[in-house]
Amino acid sequence: MLDFNTIINNIHNNLKHNVVKGVVASYIPELSKQDVNSFGIFMQHMDGRTFQAGDAEVPFSIQSISKVLSLSKAIAFEDNNLWTRVDVEPSGNPFNHLSLLELENGIPRNPLINAGAIVVADILCSQFKNPKEDFLQYVRDIANDQTITYNYKVAESERLTGFNNFAAANLLKSFDNLNNDVDVVLDFYFHQCALEMTCAQIAKTFYVFANSGKCINNIPHITVSQAKRINAIMLTCGFYDESGEFAFEVGLPGKSGVGGGIVALLPNHFVLTTWAPGLNAKGNSLLGMQALEQFTTQTNLSVF
Ligand code: GLU
């Protein structure tokens, strides 16, 4: 039997001494305050066991990891227009690239790049009565944790500097692919990205995708087929223009965020979350990618 505790702690101990740790995101000023030496790993096994190392219980800004959560709720609403308004192809471009959006008539390549997540945010703004409150409640429910909350400073910091996202949203609006006002949709989007969670909380939240749509309390939130689709989109689109590299090196569906978090999962087996704020040139956590690669190599546990 694999000794996950030793494996995870050895990986953490070896990598934390790396001199090259990547660069903390600074285009959202509030994120630049993160310590590049923070490093946590948390594993939630489906049999109930948990394993952790380092800063696994320190809250951080989940940023784009939230796009999977908003997508899952939009899918659960069974909005028939979702897949006519956003595609499911890898973009091969950075998360905030706008040129493809114009070439492809305002249909974002996938729901995990910014433009796609903004369309998903628009759907949630239409479907929810009180979008920010109701979305937070959804996340708390699937996490089985009522303490999760937004970091309002991060949301405001992103609003003040979110020129690229305003450009994307305006472009979407000009192509008739946003039903609500740009300001309303982006206010929701900036808050969802500003959700603050620990590695442990993220692992417990993403349990729902590893467990065929049932959360850690065994309550169904999405169907088996919806969970399958979300995992497929994470595998093909979860790491910006490094999604191929992540599948090649790690071999798990997952999602990263510019706060330095990565969540990856093996359906029916486990969810593994890492947090290290230093990013590589493609915007993915440098130590996190290495930790996950070492984990699947040492355990032989991947979808392939
Ligand atoms: N809120 C960030 C943005 O829209 C998310 C980026 C990310 O984590 O990839 O720029």
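Note that ligands are numbered from 1 as they come in the structure, with each ligand's atoms numbered from 1 the same way.
Here the options are Tyr207, Phe4, Phe51, the test is ring-ring contact (aromatic ring centres under 6.0 Å, His included), and the partner is His45; only Phe4 passes.
Ligand-side atoms of ligand 1 in range of Asn165: 3 (C), 4 (O), 10 (O), range being under 4.0 angstrom from any heavy atom. When each atom of ligand 1 is checked for a heavy atom of Tyr27 under 4.0 Å away, the hits are 2 (C), 3 (C), 5 (C), 6 (C), 10 (O). Atom numbering of ligand 1 starts at 1 in the shown order; those under 4.0 Å from a heavy atom of Tyr240 are 7 (C), 8 (O), 9 (O). Residue Ser64 approaches ligand 1 through these ligand atoms, each under 4.0 Å from one of its heavy atoms: 5 (C), 6 (C), 7 (C), 8 (O), 9 (O). Of all atoms in ligand 1, numbered sequentially from 1 with element shown, those under 4.0 Å from a heavy atom of Asn114 are 3 (C), 4 (O), 10 (O). If you number the atoms of ligand 1 from 1 as listed, the ones under 4.0 Å from a heavy atom of Gly257 come out as 8 (O).
Judged by distance alone, the side chains of Asn284 and Ser256 do bring a donor and an acceptor atom under 3.5 Å apart. Judged by distance alone, the side chains of Ser91 and Asn110 never bring a donor and an acceptor atom under 3.5 Å apart. Side-chain contact annotation: Glu242 with Asn280, donor-acceptor N/O pair under 3.5 Å present.
Where the criterion is an N or O separation shorter than 3.5 Å, residue side chain and backbone included, Cys193 fails it with respect to ligand 1.
Ionic pairing of Asp122 and Arg85 is present here: one or more N-O contacts between side-chain nitrogen and carboxylate oxygen are shorter than 4.0 angstrom. A salt bridge does not link Glu156 with Lys153: none of the charged nitrogens is closer than 4.0 Å to a carboxylate oxygen.
Of the listed options Glu158, Gln63, Lys255, Glu158 places a heavy atom closest to atom 3 (C) of ligand 1.
Side chains of Glu158 and Leu31 form no contact here, defined as non-hydrogen atoms less than 4.5 Å apart.
Contact between Phe190 and ligand 1 is absent, with no heavy atom of the residue lying under 4.0 Å from the ligand.
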